[in-house]
> 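Quick one: the structure is below, and I'll ask about it shortly.
Letters A, B, ... are given to chains in the order of the sequence lines, protein chains preceding strands, and every chain is numbered from 1.
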Protein chains: 2
Amino acid sequence: MGIKEKQRVNFPKERLLDEAEALFAAKGYHGVSVREITQAAGCNLASINYHFGNKQNLYLEVFKTRWIPRAMRIREYVREVIAAHRPPSPAELIEAVAKAFLGGPLSDEERRRHQQLMFRELNRPSEAFELVAEKVMRPFSKELMEVLRPCVPGDLSEEQLLLCILSIFGMVLYFSFAQVAVSRITGRQYDSGFRSRLIAHIVQFSLGGLKLTGSGE
Amino acid sequence: MGIKEKQRVNFPKERLLDEAEALFAAKGYHGVSVREITQAAGCNLASINYHFGNKQNLYLEVFKTRWIPRAMRIREYVREVIAAHRPPSPAELIEAVAKAFLGGPLSDEERRRHQQLMFRELNRPSEAFELVAEKVMRPFSKELMEVLRPCVPGDLSEEQLLLCILSIFGMVLYFSFAQVAVSRITGRQYDSGFRSRLIAHIVQFSLGGLKLTGSGE
DNA sequence: GTCTATAGCAGGATAGAC
DNA sequence: GTCTATCCTGCTATAGAC
């Protein structure tokens, strides 16, 4: 009585969301057909229309029920570091951010999905981008600013501080999202050794950036 | 005797490549139909198959005849800065790189296309990624390393230096590619004032990063 | 809620006239 | 080289049995 194809423990609606997310992330909205999704989820062709109305709505629902909650887990991971060291040093905070995106609470597969979907929305924003920007990007940036504010020189303007945080995001996302390019260029695999190496580099580089940005431009 | 729809000065093959690039960048490979491309280029439906064999091959040809040459222009732009100040200071070099991607030799529209195509390939590498990595990414990184090498502390390992350069790429690409997100978060439009602001920030932040990375990790 | 069958349309590619 | 007409496949969405 073994489970045949995949674990069919969840409700069809949940399986559809899972498979849809994986496929949308990998191939993009237009690169995936509802046939492919329903087949991967072991559901009937008509199930997407029954549960979600249409394909577009399923895509949006993927963001609401999968992407956003996962982004919250990343945020929570950083929050725990902040709570553990109160107040955290800039190095601790940057390391937490780097780890959250390069390692952290997500599996490799989850992380890839998450970032692929985000970059697809950045490339061509759809209705889902609204959610991503307002529920995740903006509040997370704000939160980091508030935490970092007390430990940087006082003459750093709000805008300078924000640009520093965005720069850290930029580096972290690049090393994570563009890992196929980074591997090519450096000739290194993304094993745990190289990941630690990258995290250490990001922390060091960013600390220097913060310091020099603070010392009167 | 006015030209009707668009400038129809070039050969159909060239127009197809231009329109195909614009559409592939904006909507992705699967998001665009050959009907749409031929129509935009004012050509017949069959022209893509006649000139390129099939859709996939047109996509590849877009990279060979449009994307790569444009990347070379960006590289040339940086080279000119290097040639003008010999040897350039790290600040001058970083500024050149930042300008090359955020302003530089490309029009806004060209730059958007260029980066959208690149990020699409990073998201889901196709045959074209091989070209992008070997003809552009790798040699450009190497070139920058050689130029930057004499002006950084000697105890910076090759790998550390490379990671610094990749970090600069990461920031620059993030501020350029993710401009819709950056605008949301900062509340600022990407006018020339904000662009200069970003370039100045990137230079300052990166200089700090280089400096601290060099001073014994 | 789940399934089959199918409508109705858009996709890539090609044949063959000119 | 260019164009029209067309093939055939695959798509989303829906109707209606169960």
Side-chain angles (χ1 to χ4, degrees), chain A residues 3-65 117 120 124 126-128, chain B residues 1 3-66 117 120 124 126-128:
Chain A
I3 293 164
K4 285 281 170 59
E5 306 152 35
K6 304 191 172 200
Q7 288 184 325
R8 284 289 136 76
V9 288
N10 284 326
F11 295 111
K13 196 168 172 179
E14 300 304 309
R15 294 203 308 269
L16 284 170
L17 284 165
D18 288 335
E19 298 297 334
E21 190 191 21
L23 288 166
F24 283 144
K27 307 188 182 184
Y29 184 81
H30 295 288
V32 184
S33 64
V34 298
R35 281 174 161 77
E36 201 176 353
I37 297 168
T38 50
Q39 204 163 358
C43 293
N44 190 270
L45 174 58
S47 56
I48 285 180
N49 294 48
Y50 177 76
H51 286 292
F52 303 98
N54 56 35
K55 184 186 176 186
Q56 177 65 42
N57 208 265
L58 166 61
Y59 180 78
L60 201 61
E61 213 61 28
V62 161
F63 275 84
K64 287 185 187 163
T65 67
L117 284 174
R120 289 193 187 281
R124 175 145 262 250
S126 77
E127 208 182 332
Chain B
M1 301 266 183
I3 293 164
K4 285 281 170 58
E5 305 155 36
K6 304 196 172 195
Q7 288 183 325
R8 284 289 138 77
V9 288
N10 284 325
F11 295 112
K13 196 168 171 179
E14 301 303 310
R15 296 203 307 270
L16 284 170
L17 285 164
D18 288 336
E19 297 297 335
E21 190 192 21
L23 288 166
F24 283 144
K27 307 187 181 185
Y29 183 80
H30 295 287
V32 184
S33 64
V34 298
R35 284 174 160 79
E36 198 176 355
I37 298 168
T38 50
Q39 203 164 355
C43 292
N44 191 270
L45 173 59
S47 55
I48 284 181
N49 293 359
Y50 178 75
H51 286 291
F52 303 98
N54 56 36
K55 184 187 177 185
Q56 177 66 42
N57 209 266
L58 166 62
Y59 180 77
L60 202 60
E61 214 61 28
V62 161
F63 274 84
K64 286 185 187 163
T65 67
R66 294 290 183 275
L117 283 174
R120 289 193 186 282
R124 176 146 261 248
S126 78
E127 208 182 331

> Which pairs with one or both residues in residues 37-60 of chain A pass salt bridge (charged side-chain N to carboxylate O under 4.0 Å, His left out), sequence neighbours excluded?
none

> Using salt bridge (charged side-chain N to carboxylate O under 4.0 Å, His left out) as the criterion, list what pairs up with B:R66, not counting sequence neighbours.
B:E14, B:D18

> D:dC11 P sits how many Å from A:E36 CD, rounded?
8 Å

> Let me see the working for B:L58 and B:V34 under side chain to side chain contact (heavy atoms under 4.5 Å, CB included), right down to the final yes or no.
CA-CA 10 Å; B:L58 166 62; B:V34 298; 6.0 Å; no

> By nearest nucleotide on DNA chain C, pick out whichever of A:H51 and A:L45 is the more 5' one.
A:H51

> A:N57 CG to D:dT14 C1': how many Å, rounded?
16 Å

> For A:T65, what residues pass the side chain to side chain donor-acceptor pair (under 3.5 Å) criterion, not counting sequence neighbours?
none

> Excluding sequence neighbours, so at least two apart, what forms salt bridge (charged side-chain N to carboxylate O under 4.0 Å, His left out) with A:E36?
A:K27

> Ring pair (Phe, Tyr, Trp, His ring centres under 6.0 Å): which pairs involve residues 20-39 of chain B, sequence neighbours left out?
B:F24-B:Y29, B:F24-B:Y59, B:Y29-B:Y59

> What is the distance, rounded to the nearest whole Å, between atom NE2 of B:H30 and atom C1' of D:dT9?
16 Å

> Quick check for you: name the first and last nucleotides of DNA chain C, 5' to 3', having an atom under 4.0 Å from a heavy atom of chain B.
C:dG11 to C:dT14

> Over how many whole Å does the gap from A:Q56 atom CD to D:dC11 atom C1' extend?
16 Å

> Give one of base, sugar-phosphate or nothing for A:I48, where a contact means two heavy atoms less than 4.0 Å apart.
nothing

